[in-house]
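The first residue of the sequence shown is numbered 1, and numbering continues consecutively from there.
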Amino acid sequence: MSSSSSEPESNILTLKSADNDEFQVEASIAVQSTTIKNMVEDGYTDIPLVNISSEVLIKILDYLKKHAENSGCSEEELNEFDNEFVKMSIKKMSLFVYAASFLHIPGLTSLLCQTIADKIKNKSVNAVRRIFEIINDYTPEEEAEVRAEHDWAHEGELDDTVEEDDEVRDENDGESDDNETPDDETGEN
């Protein structure tokens, strides 16, 4: 079934993004993704990734190339690359988490999730709600009860700020979306 003329072709995979863009990638790079590896093992060379945009796929492919065994990068170079890779808003990073999870790239998923965790560490409940677009559906009484039950989570100095890039924005007008929930519903004054 394999001939010497088809071997070089089998080393190149075509990944098709949700935007219908096609990317030619060496199999040795792409199979760092368990999802792609399984498809290659099933005989696929054209791989549709219908839930991953071109923008996200390009950056993930850069990550895979840099983290390939034969990239020749030192630990320090990889750490620098990773630090640059995650310089994006939490909202954008969430798209990468979904893609890395779908593609089953554990190292990338861990990097992204740890970065998000670091960004929300010591944030107030209200800041986290704004970052992740979580609507407060507690009544003031219910919220007071939850705060009393989990008092430890509200101790110390909590940061109520949200970085501009991480704040939820309405795509139509670019305005901040934090006025969607009135102060009296969040328990703030």
Side-chain angles (χ1 to χ4, degrees), residues 9-71 73 77-121 123 127-135 161-181:
E9 292 175 2
S10 66
N11 288 331
I12 300 295
L13 302 176
T14 302
L15 307 182
K16 190 173 183 179
S17 72
D19 307 315
N20 290 320
D21 293 325
E22 293 184 354
F23 300 89
Q24 303 293 313
V25 182
E26 290 180 36
S28 62
I29 301 292
V31 297
Q32 292 176 81
S33 156
T34 304
T35 302
I36 293 173
K37 181 181 179 186
N38 291 340
M39 292 181 80
V40 169
E41 288 173 352
D42 288 343
Y44 290 90
T45 56
D46 292 336
I47 300 174
L49 301 171
V50 296
N51 55 350
I52 302 174
S53 71
S54 294
E55 176 187 4
V56 171
L57 185 56
I58 288 168
K59 197 155 176 161
I60 287 177
L61 290 174
D62 288 343
Y63 175 90
L64 293 176
K65 288 174 189 172
K66 196 68 160 183
H67 283 266
E69 287 182 20
N70 62 354
S71 73
C73 291
E77 289 172 314
L78 287 177
N79 288 336
E80 286 177 28
F81 175 83
D82 289 352
N83 288 337
E84 286 298 314
F85 186 90
V86 295
K87 286 187 177 177
M88 63 181 85
S89 70
I90 290 175
K91 190 168 184 168
K92 189 170 194 176
M93 207 176 305
S94 296
L95 298 173
F96 284 87
V97 170
Y98 299 137
S101 180
F102 170 76
L103 291 171
H104 195 77
I105 307 170
L108 179 56
T109 303
S110 293
L111 171 67
L112 294 164
C113 289
Q114 184 62 58
T115 302
I116 291 171
D118 291 343
K119 283 187 167 198
I120 65 169
K121 185 178 181 177
K123 293 286 187 188
V128 173
R129 283 181 182 146
R130 287 195 308 270
I131 290 168
F132 292 108
E133 302 180 35
I134 300 169
I135 296 171
T161 62
V162 177
E163 292 180 27
E164 188 174 318
D165 287 345
D166 291 335
E167 194 155 13
V168 177
R169 299 192 182 281
D170 186 326
E171 292 177 16
N172 296 327
D173 61 10
E175 293 292 318
S176 173
D177 200 8
D178 59 359
N179 60 358
E180 210 173 272
T181 306

Indicate yes or no: does K92 engage E55 in a salt bridge with an N to O separation below 4.0 Å.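 Salt bridge: yes.
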Side chains of [X] and [Y]: closer than 4.5 Å at any heavy-atom pair?
X: D46; Y: K16; result: no
X: F96; Y: F85; result: yes
X: M39; Y: P48; result: yes
X: L15; Y: I52; result: no
X: H104; Y: K37; result: no
X: N11; Y: S28; result: no
X: S33; Y: I105; result: yes
X: F132; Y: I120; result: yes

For the [atom1] atom of [X] and the [atom2] atom of [Y], what is their distance to the nearest 0.5 Å?
X: I47; Y: S17; atom1: CD1; atom2: OG; result: 13.5 Å
X: K65; Y: E26; atom1: NZ; atom2: CD; result: 8.5 Å
X: K87; Y: D82; atom1: NZ; atom2: CG; result: 12.0 Å
X: L57; Y: D21; atom1: CG; atom2: CG; result: 9.0 Å
X: I90; Y: K123; atom1: CD1; atom2: NZ; result: 7.5 Å

Can you tell me if [X] uses its side chain to pair, donor with acceptor, with the backbone of [Y] under 3.5 Å?
X: T115; Y: L111; result: yes
X: Q32; Y: I29; result: yes
X: D19; Y: S54; result: yes

Partners meeting salt bridge (Lys or Arg N to Asp or Glu O under 4.0 Å) with E69 (sequence neighbours left out):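 Residues passing salt bridge (Lys or Arg N to Asp or Glu O under 4.0 Å) with E69: none at all.
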Quick one: closest heavy-atom pair of [X] and [Y], and the distance?
X: F102; Y: T35; value: O-OG1, 2.6 Å
X: V56; Y: A99; value: CG1-CB, 3.7 Å
X: A100; Y: L112; value: CB-CD1, 4.3 Å
X: M88; Y: K119; value: O-NZ, 2.7 Å

If we check side chain to side chain contact (heavy atoms under 4.5 Å, CB included) with L103, which of these qualifies: T34, L49, L108?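 It is L49, the one option of T34, L49, L108 that forms the side chain to side chain contact (heavy atoms under 4.5 Å, CB included) with L103.
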Quick check: are there more than 12 heavy atoms from other residues, nucleotides or ligands sitting under 6.0 Å from CZ of F81?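 Atom CZ in F81 is packed in, count exceeds 12.
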